[in-house]
Amino acid sequence: MQGDYFELRNGDGLPGKRTVTALEDMPDHGELRVDVTSSIAIQPVSSAVIRIYNGTDLVEELRTDDSGQSQRLTLPAPPAEYSMEPEQPRPYAQYTIRVEAEGYRPVEIGDAEVFPNELSIQPVRMQPLEVSEREGEENIVVPLNSLWGDYPSKIAENKIKPMNESGEIVLSRVVIPEYIVVHDGAPSDSTAADYYVRYRDYIKNVASGEIYSTWPDATLRANILAIMSFTMNRVYTEWYRNKGYDFTVTSSTAYDQTWAYGRTIFSNISLIVDEMFNNYLSRPNVVQPILTQYCDGQRVSCPNWMSQWGSKYLGDQGYRAIEILRYYYGSDMYINSSEEISGIPASWPGEDLTVGSTGTKVRQMQEQLAAISRSYPAIPTVSADGVFGERTKEAVEVFQKVFDLPVTGVVDFPTWYKISQIYVGVSRIAELS
């Protein structure tokens, strides 16, 4: 990411990708993109004014495009080696982001995170003024990554919940939920807010706050699988509802995993989650997902749990994700998957759709893309004729670019379910209108 960049401007005269002079203590660079949507469903906010600050110094002013996204901004970041060993200085830079848009409540996000050589995506959800219950600016502070900040240690639990311990409600099968309810505090804190969060967004949020995005790919995958399996155990056993609560999981690290409203998400973590969000960890002859607990392995020791720093070192040595998991949880651990996914209009066809594909699944995908393009006009409108031609490929490529998927023009597993997710979101806003 280091080096010189030319300043680019698009057809609207808006700044494009540019570099910022590095500070002496931040010799590396990372990238930041701000994604602005309405708090009502998935609706992009175009022409929003975004100001990026380093402390009190204005770094850049940008505007969102028709897809509610800013251009990528290259920013100074600490040396990459800071995230490779514990007891190093903070391995990421922090920036303040202020967003204003006509008809919406302004938002300020403090301590947005930028790692070296990674793309940070800062989601911003703006409340329309006609539905906002509060006046003035909404202020959000991104909390420290759990490897760097001071968080309560996890209270140990059984990896597999006995049926008589789980209460009367246990799901009959493992189903990936569309939404979960996150209680933003300890279970007993009745003042804490509850948030309805898309399952995939929850996993991306937790992973972006529990590990460093600069770690080896296999390490990221092992940790994300542990995060998903832990969450799915809470979902499957209805753990908190059996205790009389109306939520799925908490944001307390003493009980669950760290989650924070407005947290910065990292592109490589987002891609991994979209690729394997229907996975969880299992043992032979056990239906429920395993409650895979873990700790940092440095400040906190946790025998029989996964060590996050230890998993990083195993990734450095070339261990695969499943090998890392078995190193900590035992040789009988395996990766399972659920074919039942809530909130999806049509299931994955089982094979990639590409130029030359035909049939009902192609037509379904085209219909969904056509609906999405009404909210995201950068995506070309396609006819739902059931034939995957060049026009459909172009629409798929633009969709993949907008939603941070590999731009291949092929509707693979992650692309199919991302199309379905966005289609459901824009359909709901259409129904409200």
Side-chain angles (χ1 to χ4, degrees), residues 25-26 28 30 32 77-95 110-122 141-156 202-231 249-270 272-273 292-317 319 321 324-325 327-329:
D25 58 342
M26 293 200 291
D28 286 354
L32 172 68
E81 55 265 27
Y82 283 4
S83 63
M84 298 303 160
E85 295 287 345
E87 307 303 329
Q88 293 290 325
R90 191 183 68 231
Y92 53 87
Q94 295 176 316
Y95 293 89
D111 297 342
E113 300 175 357
V114 175
F115 276 89
N117 309 318
E118 300 293 341
L119 170 61
S120 298
I121 301 172
Q122 182 58 59
V141 177
V142 177
L144 294 170
N145 187 289
S146 66
L147 293 173
W148 176 254
D150 186 15
Y151 290 84
S153 300
K154 178 74 177 66
I155 300 170
Y202 170 81
I203 300 299
K204 294 176 184 182
N205 186 301
V206 171
S208 294
E210 291 273 10
I211 49 182
Y212 291 153
S213 59
T214 51
W215 284 0
D217 181 78
T219 297
L220 297 181
R221 291 175 182 274
N223 279 270
I224 290 169
L225 281 163
I227 290 167
M228 292 192 297
S229 191
F230 184 103
T231 307
V249 70
T250 77
S251 65
S252 169
T253 56
Y255 298 91
D256 297 293
Q257 303 165 125
T258 181
W259 174 90
Y261 178 77
R263 184 189 297 282
T264 313
I265 306 301
F266 302 101
S267 178
N268 58 338
I269 287 176
S270 177
I272 292 171
V273 174
T292 39
Q293 299 166 99
Y294 51 86
C295 71
D296 73 342
Q298 294 293 319
R299 291 172 298 179
V300 178
S301 176
C302 46
N304 302 318
W305 295 5
M306 182 169 66
S307 158
Q308 292 165 309
W309 277 110
S311 72
K312 187 266 180 188
Y313 299 138
L314 292 178
D316 289 339
Q317 296 172 44
Y319 279 61
I324 294 172
L325 292 164
Y327 181 91
Y328 289 107
Y329 297 120

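The chain is numbered in sequence order, starting from 1.
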Note, Q308 side chain near N223 side chain (heavy atom, < 4.5 Å): yes
Test item: M228 and L225 side chains (from C-beta on) under 4.5 Å apart, heavy atoms: yes
Atom pair CG/CG of D28 and N117 - distance to nearest 0.5 Å: 5.5 Å
Contact check, side chains of W259 and V249, non-hydrogen atoms, under 4.5 Å: no
Separation between CD1 of I227 and OH of Y202, rounded to the nearest 0.5 Å: 8.5 Å
Least distance between heavy atoms, Y328 atom then S307 atom: CE2-N, 3.6 Å
Polar side chain donor-acceptor pair, T219 to K312, under 3.5 angstrom: no
Distance, nearest 0.5 Å, that separates OG1 of T214 from CD1 of I211: 9.5 Å
Separation between CG of L147 and SG of C295, rounded to the nearest 0.5 Å: 10.5 Å
Donor-acceptor contact below 3.5 Å, side chain S120 vs main chain E113: yes
Check: S83 main-chain N/O paired with W215 side-chain donor or acceptor under 3.5 Å: yes
Closest approach of A77 to A93 (non-hydrogen atoms, all atoms of both residues): CA-CB, 4.2 Å
Polar contact flag, side-chain donor to acceptor under 3.5 angstrom, Y329-Q293: no
Trace of the side-chain contact (heavy atoms from CB on, under 4.5 Å) decision for I324 with M306: CA-CA 9 Å; I324 294 172; M306 182 169 66; 4.2 Å; yes
G209 backbone acceptor or donor facing S146 side chain under 3.5 Å: yes
Residues, nucleotides or ligands: over 12 heavy atoms within 6.0 Å of Y327 OH: no
OG1-CG distance between T264 and D111, expressed to the nearest 0.5 angstrom: 9.0 Å
Nearest non-hydrogen partners of A80 and M84, listed with the distance: O-CG, 3.7 Å
Heavy-atom closest contact (P91 atom, W148 atom, distance): CD-CE3, 4.5 Å
Exercise: identify the closest heavy-atom pair between E118 and S213: OE2-O, 3.4 Å
Any side-chain heavy-atom pair of Y151 and P143 under 4.5 Å: yes
Flag, side chain of K154 to backbone of Y255, donor-acceptor distance under 3.5 Å: yes
Y294 side chain to Q257 side chain, donor-acceptor N/O pair below 3.5 angstrom: yes
L144 and Q94: CA distance, side-chain angles, deciding distance, side-chain contact (heavy atoms from CB on, under 4.5 Å) verdict: CA-CA 10 Å; L144 294 170; Q94 295 176 316; 3.7 Å; yes
Steps toward side-chain contact (heavy atoms from CB on, under 4.5 Å) verdict (W309, Y212): CA-CA 10 Å; W309 277 110; Y212 291 153; 3.9 Å; yes
Student check: side-chain heavy atoms of I272 and D217 closer than 4.5 Å: yes
Nearest non-hydrogen partners of V206 and T258, listed with the distance: CG2-O, 3.2 Å
Value rounded to 0.5 Å, distance of OG in S311 from CG in D296: 10.5 Å
Audit row: Y95, Q122, side-chain contact (heavy atoms from CB on, under 4.5 Å) steps and yes/no: CA-CA 11 Å; Y95 293 89; Q122 182 58 59; over 6 Å; no
